[in-house]
Number of protein chains: 2
Amino acid sequence: AARAINATKIYGSGDTQVKALDNVSVDFERGKFTAVMGPSGSGKSTLMHALAGLDQLTSGQIMIGDTDLSDLNEKQLTLLRRKQVGFIFQAFNLLPTLTANENVDLPAKLGKTDIDEQWRQRVITAVGLADRMTHKPGELSGGQQQRVAVARALASQPDIIFADEPTGNLDSVTGSEILEFMQTAVKELNQTIVMVTHDAVGASYADEVLFLADGRIVDKIVNPTA
Amino acid sequence: AARAINATKIYGSGDTQVKALDNVSVDFERGKFTAVMGPSGSGKSTLMHALAGLDQLTSGQIMIGDTDLSDLNEKQLTLLRRKQVGFIFQAFNLLPTLTANENVDLPAKLGKTDIDEQWRQRVITAVGLADRMTHKPGELSGGQQQRVAVARALASQPDIIFADEPTGNLDSVTGSEILEFMQTAVKELNQTIVMVTHDAVGASYADEVLFLADGRIVDKIVNPTA
Ligand SMILES: Nc1ncnc2c1ncn2[C@@H]1O[C@H](COP(=O)(O)OP(=O)(O)OP(=O)(O)O)[C@@H](O)[C@H]1O
Ligand SMILES: Nc1ncnc2c1ncn2[C@@H]1O[C@H](COP(=O)(O)OP(=O)(O)OP(=O)(O)O)[C@@H](O)[C@H]1O
Ligand SMILES: [Mg+2]
Ligand SMILES: [Mg+2]
C-alpha cells in the first residue's frame, strides 16, 4: 500500500546537518498492521510524513499504491492524500474552530468522499467520545483530543493510515480499546495501518514491528508479543 | 508546598455541564514526588492547572505555600507563578520563535530569578538534548520538544513543579532517564514534583500515587512498585 525506496532526508547543512532518514527502504503491505518503534529523534515521524506525502525527501522514492509521489504536482499530491491517506499526528493538529464532529468529517469533505454512517458510529463509540462530539478541541482533555484525531483518520476508511503515537496521551484501558479497534479495522475492512509507538504493549497489537535508530531500520519482529 | 481544599471545577451549564473536579482536597508536601493517574478525561490536567494558578476554580481554595491564590490579583498571581511554579504542559507550549535554549531560560527571565549554571548543565545533559539546544521547536522531534519543556521547568528550581504527562512522547529509555533525574532533583534539592502519568512504570518512580476518576480522588498508594 505504501513503499519507501532508498529514502534519505537531510535537515540543515554543514556541521549542524541532521540525517533524519538514512537510505531507508521499506514496504507496507495492504491489510497489514505495522508498528514502528525507536528512540526519540530516530526518524519515525519523518518517515511517516515522507510516506504520507507531507514532506519531501532529499533523495529516494515514495510510492503510494502504484503512484510515485514525485510524479505528482502539488495539486495532485494534495488530492491523493485527501482521498487515500489518513494521518494521526503526534500533536493531533485538530482545527480549534471546529467541533469534534466537524473535525472527524473534514478529510472526507475535502476529499469529496462519503463516510459510511454505520462505520462512523462504530468509530466514535470505540474511541469513547460519544458525549463530547459537539465540543471544540479547547474544551477537551489531551486524551480526548487525541481520540478525535484517531476517529478522524479511521472514519473515512482511507487506503492507508499513518498513526504517529496515537495512544501516547491515553490511559492503558482507553489505549487498548483503540488498539483493539484498529485491529478490527485491519481484519474487517482490510485497513492498512502503520503506527509509531513508544509502548511495547501497543506494538504487540501489530502484525509486525520495525525498529528505527539514527534514521535507519535496524530490526524487525513478526507477530510480536509484549 | 501546594494544597487544594474542596476544589470544584464545573465547565458549561445545564445538561452539557461537566464537573471536571468534584470537591477535591489534596495536600502536596514539600520535597515529595507524587504521581497522579486516572482515565482520560478524569480531571488530571484540570487539577494541575488549578493548583498552578492557571485556571480558576468554581468553588474551593488553592494554597501555594501559605498563600491563598484567591487573595492575589492577576499581577500578583502571575509573579508568584513565575517565581515559584514550574509547569510541563501536556501539549508542551513552547514558543516557536525561540530556540530550545531560549525556551529553557524564559521562566527565570520572566521571574527575574537566576539560573544555577551547573544545575542547568546537568538538566540539559539529563534530558539528552545537548546537541539540539540551538534549534527551534519546529526543527525538533515530538519527544525532543517534550524534553525541552521538561528542562524548562527543572532548570530554574521552582518551589513546585507540575508535570502533565512529561514522558508521553518518549521511548522507555529516554523516559526513565528523565524520571530518574526528577528523583535526583527531589532528593538533592528537595524539589517538589507532582506528575500526571498514564504509565504505571512512570508512577513507580514517585513516592506516592493518587488516583483520579470522574473528578474525584478515589485511591492512594504509598511507595508504589510497578
Ligand atoms: N473548556 C472546557 N469546556 C468544557 N469541558 C472541558 C473543558 N476543559 C476540559 N473539559 C472537560 O473536563 C474533563 C476533564 O478534563 P481534563 O483535561 O482535566 O482531563 P485529563 O484527566 O487531563 O484527561 P487526559 O488524560 O485525556 O489528558 C473532560 O471531560 C474534558 O472534556
Ligand atoms: N525541520 C527540522 N530541522 C532540523 N532538524 C529536524 C527538523 N525536523 C526534525 N529534525 C530532526 O530530525 C530527527 C528526527 O526527527 P523525528 O521527528 O522524525 O524523530 P522521531 O523518531 O519522531 O522522535 P520522537 O519519538 O521524539 O517523536 C531529530 O533529531 C530532529 O531533531
Ligand atoms: Mg515523532
Ligand atoms: Mg490531561
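Protein chains get the first letters and strands the later ones, always in sequence-line order, with residue 1 at the start of each.
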Exercise for review: Output every pair passing salt bridge (Lys or Arg N to Asp or Glu O under 4.0 Å) with a member in residues 205-223 of chain B, not counting sequence neighbours, ordered by first then second residue.
Suggested key: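 Applying salt bridge (Lys or Arg N to Asp or Glu O under 4.0 Å) to every pair that reaches into residues 205-223 of chain B, excluding sequence neighbours, yields D22(B)-R216(B), K32(B)-E208(B), E208(B)-K220(B).
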Point to revise | Over 12 foreign heavy atoms within 6.0 Å of CD, Q17(B) | key: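 Buried by this count: over 12 neighbours within 6.0 Å.
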Report, by ascending residue number, the residues of [range] in heavy-atom contact with chain A at a distance under 4.5 Å; give 'none' if the set is empty.
range	value
residues 145-166 of chain B	R147(B), E165(B)
residues 54-64 of chain B	none
residues 87-98 of chain B	Q90(B)

Exercise for review: Determine the option with the most heavy-atom pairs under 4.5 angstrom with chain A, choosing from S172(B), S40(B), G143(B), S141(B).
Suggested key: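 Greatest number of close heavy-atom pairs with chain A: S40(B).
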Check your understanding: If you count heavy-atom pairs under 4.5 Å between each of G175(B), G142(B), G12(B), G43(B) and chain A, which one has the most?
Key ->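 Sorted descending by pairs with chain A, the first entry is G142(B).
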Nearest 0.5 angstrom please: [X] [atom1] to [Y] [atom2], how far?
X	Y	atom1	atom2	answer
D199(A)	D199(B)	CG	CG	8.0 Å
D171(A)	T197(B)	CG	OG1	11.0 Å
T167(B)	H198(A)	OG1	NE2	10.0 Å

Review point. So which of T134(A), L170(A), L140(A) has the largest heavy-atom pair count under 4.5 angstrom toward chain B?
Key: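 Option with the top pair count is L170(A).
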Practice item. Sort out for me which of A20(A), G38(A), P39(A) touches chain B most, counting heavy-atom pairs under 4.5 Å. Key: P39(A)
Review point. Side chain, backbone, both or neither: which part of V196(B) has a non-hydrogen atom closer than 4.5 Å to chain A?
Key: neither
Point to revise | Taking every non-hydrogen atom, the tightest pair across V18(A) and R132(B) | key: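 So the two residues come closest at CG2-NH1, 3.0 Å.
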